[in-house]
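Working notes for the structure below.
In what follows, chains carry the letters A, B, and so on, assigned in the order in which the sequence lines appear, proteins first and then strands, with residues in each chain numbered from 1.
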Protein chains: 2
Amino acid sequence: MAQQPKPRRSQAERSAETRQRLLDAAVSLMHERGLAGTSTNDIAETAGVSRGALTHHFESREELIAAAIEDMLDKVIGELKSYATRVAEGESSSDALIEFLYGVMSDRLFYVTLEYLPEARHNAMFRHRLVPVVSRWHAALDGIWGELTARYGMKPEAGRDLLNATMCLIRGMIAQTILRDDPPYYRRLLDFWKASIRAQLAAARPERNGPRIVTIPLRGQ
Amino acid sequence: MAQQPKPRRSQAERSAETRQRLLDAAVSLMHERGLAGTSTNDIAETAGVSRGALTHHFESREELIAAAIEDMLDKVIGELKSYATRVAEGESSSDALIEFLYGVMSDRLFYVTLEYLPEARHNAMFRHRLVPVVSRWHAALDGIWGELTARYGMKPEAGRDLLNATMCLIRGMIAQTILRDDPPYYRRLLDFWKASIRAQLAAARPERNGPRIVTIPLRGQ
DNA sequence: ATTTACAAACAGGCTTGACGGTTTGTTTCG
DNA sequence: CGAAACAAACCGTCAAGCCTGTTTGTAAAT
């Protein structure tokens, strides 16, 4: 019989852990069963706490869901910033960045987003609660991308267009995976996009190694 | 007292109208209140028929929702095909096509799609029911786009990449509108994309009017 | 001892699918 | 043709299930 591990945790510790377990459970269930299929009962059970504990920590289901999304996004923003420092140290290509972004989005992030977007669309309270968090996420994205495009001597505005297009493309791809299961298709599309970005970045600094893709049409002139 | 307009409709006519009213109501409500906020009660009320009539025509809520989506998609496929004939007659540019596609998607189509995608993701029956309809939609898209790219002498594969990227971009943009209300942003992004497509199409037929966008970097060489 | 964290039971509301009954249209047959 | 038999469309009600938020009770920390 092992000694019971009871290190007499402080209230703050107990509380924080319970809260975190609930947040994690909420995100996992949203991902696995969808928002509609995620009841407060399920969340409490998955978290291994009672429903009473849940109602103690969160005023309503909506509040819990919003907090869970916020927590998820903050963690991903952390990942993004740590990646940004690596880019700043010159350890990244546009290909790698696109691959990284697609990885982050398709791991769980955008599938969970697809779960709560409808709710955000029809529930103003919920939406307003989430907008600032999403803004932080975009700011973090802008930072890392600005780093990259600046290095290529690209104008910030043009770079931002490229970033925004990239993110929209990734969103659209992931949304499509739900009704079209075709990995080679997505692989091909992502490679196509990486090549496009490479070409545009190369075109942005013609003084260095010059544009390689755009030279092809010159034969015709 | 006006004569009651009772042209003694046949059973088939009565039935078809009731059914159609239910389908239309279901799509409208999905768009306005979301899938979760659309009960069979609401649908029957909006359609102006009794709930009994609803259960008579559709075995279950799920079946009704699926039929409504199918109906919506089939109608849009119709629009698409009629647009395709206009393209075949040479009455369209890539700019106009992109604008048309964005218009179709953002009018209702993709917002409704965002409503049922989560359900499709977690409900295999529902998903399998929808896959063939979505395939028809993509086939219609391929047709119209192939028409356009062929006219520009572009290889079918390259053209398809462009189409797929365009559709994913549009999907991602529309998804983003829910948490980012910023029309100029979307306008700008769409214009950016139209320019990109124009450049790629121009590059595909250098023998005609030659590439205009890609000539800029030549100064540096 | 008092506040905080947690637990369990409860009540109200909503939704879906099922069922019996009614109206309307169609077909059969004298 | 006309009535009767049949089938389809339609209506209103009901019961079972689930979910959320509330309330009441207990244990743990300060």
Exercise for the section: Take atom CG of A/Leu22 and atom P of C/dC6, then tell me their distance rounded to the nearest Å. Expected result: 9 Å
Practice task
Say whether, by atom type as modelled, one donor and one acceptor occur between the side chain of A/Tyr186 and the main chain of A/Thr177 under 3.5 angstrom.
Solution key: yes
Problem - Whole angstrom value for the distance that separates P of C/dC19 from NE2 of B/His56 - result: 16 Å
Exercise for the section: Can you label the angle between the A/Tyr83 ring and the A/Phe100 ring as parallel, tilted or perpendicular, going by 30° and 60°? Expected result: parallel
Handout entry: B/Arg188 side chain near B/Pro184 side chain, heavy-atom distance below 4.5 Å
Key = no
Practice task
Kindly point out which of D/dC11, C/dA5, D/dA9 is positioned nearest to the side chain of A/His57?
Solution key: C/dA5
Handout entry: Note, B/Leu114 side chain near B/Ile178 side chain (heavy atom, < 4.5 Å)
Key = yes
Practice task
Return the value, rounded to whole Å, for the distance between atom CD1 of B/Ile43 and atom P of C/dG17.
Solution key: 11 Å
Which atoms of nucleotides 21-23 of chain D (N or O only) lie under 3.5 Å from a protein N or O atom, and what are those distances?
{"unit_1": "D/dG21", "atom_1": "OP2", "unit_2": "A/Arg61", "atom_2": "N", "d": "3.1"}
{"unit_1": "D/dG21", "atom_1": "N7", "unit_2": "A/Arg51", "atom_2": "NH2", "d": "2.2"}
{"unit_1": "D/dG21", "atom_1": "O6", "unit_2": "A/Arg51", "atom_2": "NH2", "d": "2.9"}

Completion exercise
Rounded to whole Å, the CG-C1' distance (B/Asn41 to C/dG13) equals 13 Å
Handout entry: Spacing of A/Arg19 atom CZ relative to C/dA5 atom P, expressed in whole Å
Key = 11 Å
Practice task
Figure out the CD/C1' separation between A/Glu45 and C/dA8, and round it to whole Å.
Solution key: 15 Å
Problem - Nucleic acid contacts - residues 117-128 of chain A versus DNA chain C, non-hydrogen atoms under 4.0 Å - result: none
